[in-house]
Asker: 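Please read through the structure below; I'll follow up with questions.
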Amino acid sequence: MLQTYGGILSPELCEHLISRFDAAAHDTTYAMFDQVELGSSGGWEEESALLTIAVKKAAAHYSDKFDPHHIMPTNRLIEAFRMKRYEPNTQRFPLHGDASSIASCSRYLAFLFYLNDSDAGTRFYGARGTEPFTIEAKRGNLLVFPPMWMFPHEGLMPVTRPKYILSTYFHFAPETAAF
């Protein structure tokens with residue numbers, strides 16, 4: 001249930017996000033990438049609004065395609081958008097699941113935007129006996145998938161230039177909360 005949406009972000013918006021990221025202060029907690037959280041960095045309201053529209057549009061299509069019985073939660077929260085930059089030959093995100101701890105278990109749908117073309121996409125690993133496959137990192141594309149243990153993946157290390165991505169997640173929410 002991986003779905004890619006081509007060109008969901010314009011090249012101009014991608015370039016704008018990258019230039020703002022490069023000018024911003026980064027969260028240096030992670031050695032495997034540089035990060036900016038749009039919600040806590042201030043001044044990202046316009047970009048967050050545009051990204052939320054893209055997420056809602058993709059989520060509606062994803063739900064129509066993969067949830068014919070309408071079981072996917074309709075009461076949901078959206079996690080703050082996070083941008084990451086992976087430097088060539090030094091940074092990558094090792095094999096993981098995005099909802100693999102008590103802190104992240106409320107995530108039920110992942111949204112991963114590729115902000116530039118890169119030689120390093122996202123590699124997924126399937127069930128025993130299936131070959132790993134890689135989703136290509138293409139500027140403006142969005143990848144949507146369940147973040148659970150059944151979809152282990154890794155962010156591959158770029159070789160020629162930095163890779164920029166942006167992500168968010170839908171979270172289960174109480175019946176009274178929704179966006």
Side-chain angles (χ1 to χ4, degrees), residues 1-10 13-14 17 21 27 29-30 32-33 35-42 44-84 93-115 121-128 130 132-155 164-179:
M1 299 188 317
L2 281 76
Q3 179 68 45
T4 303
Y5 297 94
I8 200 160
L9 298 182
S10 72
L13 179 56
C14 292
L17 289 164
F21 179 92
D27 179 350
T29 333
Y30 305 99
M32 55 193 156
F33 51 78
Q35 176 173 282
V36 171
E37 186 172 307
L38 274 58
S40 66
S41 299
W44 291 90
E45 294 81 12
E46 183 178 333
E47 292 89 347
S48 292
L50 292 170
L51 293 165
T52 300
I53 291 168
V55 164
K56 286 181 177 183
K57 179 180 174 184
H61 178 271
Y62 188 91
S63 178
D64 287 347
K65 184 172 182 176
F66 295 112
D67 186 28
H69 304 289
H70 307 289
I71 295 172
M72 193 166 18
T74 54
N75 288 335
R76 57 189 175 225
L77 300 173
I78 189 168
E79 189 170 307
F81 291 101
R82 288 189 182 92
M83 285 183 63
K84 296 178 176 79
F93 205 130
L95 184 64
H96 66 284
D98 293 318
S100 57
S101 70
I102 195 70
S104 62
C105 70
S106 66
R107 293 173 169 172
Y108 72 87
L109 199 58
F111 298 86
L112 177 61
F113 294 91
Y114 297 101
L115 300 179
T122 306
R123 180 168 294 144
F124 283 84
Y125 295 85
R128 179 178 291 159
T130 61
F133 61 94
T134 301
I135 303 295
E136 190 176 358
K138 296 287 292 175
R139 178 177 67 184
N141 285 5
L142 170 63
L143 173 61
V144 182
F145 61 96
M148 285 76 156
W149 58 271
M150 300 85 65
F151 297 90
H153 58 283
E154 63 180 325
Y164 293 85
I165 64 166
L166 189 143
S167 62
T168 190
Y169 302 87
F170 279 172
H171 286 250
F172 294 104
E175 293 299 316
T176 57
F179 82 93

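Along the sequence shown, the residues carry numbers beginning at 1.
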Asker: Check salt bridge (charged side-chain N to carboxylate O under 4.0 Å, His left out) between R107 and all other residues, then give those that pass, not counting sequence neighbours.
Answerer: E79
Asker: If a pair satisfies salt bridge (charged side-chain N to carboxylate O under 4.0 Å, His left out) and one of its residues is in residues 58-73, list it, with sequence neighbours excluded.
Answerer: none
Asker: Tell me which pairs pass side-chain hydrogen bond (donor to acceptor under 3.5 Å, both in side chains) where either residue lies in residues 133-145, with sequence neighbours left out.
Answerer: R123-T134
Asker: So S167 and R82, do their side chains get closer than 4.5 Å, heavy atoms only?
Answerer: yes
Asker: List in chain and number order the residues that pass side-chain hydrogen bond (donor to acceptor under 3.5 Å, both in side chains) with T122, two or more places apart in sequence or in another chain; answer none if no residue qualifies.
Answerer: Y114
Asker: Testing the basics here: between C105 and A99, what is the closest heavy-atom pair and its distance to 0.1 Å?
Answerer: CA-CB, 4.4 Å
Asker: What's the separation between atom CG in L38 and atom CG in L166, rounded to the nearest 0.5 Å?
Answerer: 6.0 Å
Asker: Residues in side-chain hydrogen bond (donor to acceptor under 3.5 Å, both in side chains) with S63, at least two apart?
Answerer: none
Asker: Quick one: list whatever passes side-chain contact (heavy atoms from CB on, under 4.5 Å) with A58, sequence neighbours left out.
Answerer: Y5, I8, L142, V144
Asker: If you take all heavy atoms of P147 and A110, which pair is closest and at what distance?
Answerer: CD-N, 3.9 Å
Asker: To check you understand the geometry: which heavy-atom pair defines the closest contact between P73 and F172, and what is its length?
Answerer: CG-CE2, 3.4 Å
Asker: CE of M72 to CG of L109: how many Å apart, nearest 0.5 Å?
Answerer: 6.0 Å
Asker: What distance separates F124 CZ from L2 CG, expressed to the nearest 0.5 Å?
Answerer: 4.5 Å
Asker: After noting the C-alpha distance and the side-chain angles of V55 and T168, does the key distance pass the side chain to side chain contact (heavy atoms under 4.5 Å, CB included) rule?
Answerer: CA-CA 9 Å; V55 164; T168 190; 4.0 Å; yes
Asker: What residues, two or more places apart in sequence or in another chain, satisfy ring pair (Phe, Tyr, Trp, His ring centres under 6.0 Å) together with H96?
Answerer: F93, H153
Asker: Kindly write out the residues that satisfy ring pair (Phe, Tyr, Trp, His ring centres under 6.0 Å) with Y164, not counting sequence neighbours, or none if the list is empty.
Answerer: F21
Asker: Can you name the residues that form a ring pair (Phe, Tyr, Trp, His ring centres under 6.0 Å) with F111, not counting sequence neighbours?
Answerer: F170
Asker: With rounding to the nearest 0.5 angstrom, report the NZ to CG distance, K84 to L112.
Answerer: 8.5 Å
Asker: Ring pair (Phe, Tyr, Trp, His ring centres under 6.0 Å) with F151: which residues, sequence neighbours excluded?
Answerer: none
Asker: When rounded to the nearest 0.5 angstrom, what is the spacing between CE in M83 and CD1 in I165?
Answerer: 9.5 Å
Asker: Can you list the residues that meet the side-chain hydrogen bond (donor to acceptor under 3.5 Å, both in side chains) rule with Y62, with sequence neighbours excluded?
Answerer: none
Asker: Going from CG on D98 to CZ on F145, what distance comes out if it is rounded to the nearest 0.5 angstrom?
Answerer: 5.0 Å
Asker: Who are the side-chain hydrogen bond (donor to acceptor under 3.5 Å, both in side chains) partners of S104, not counting sequence neighbours?
Answerer: S101
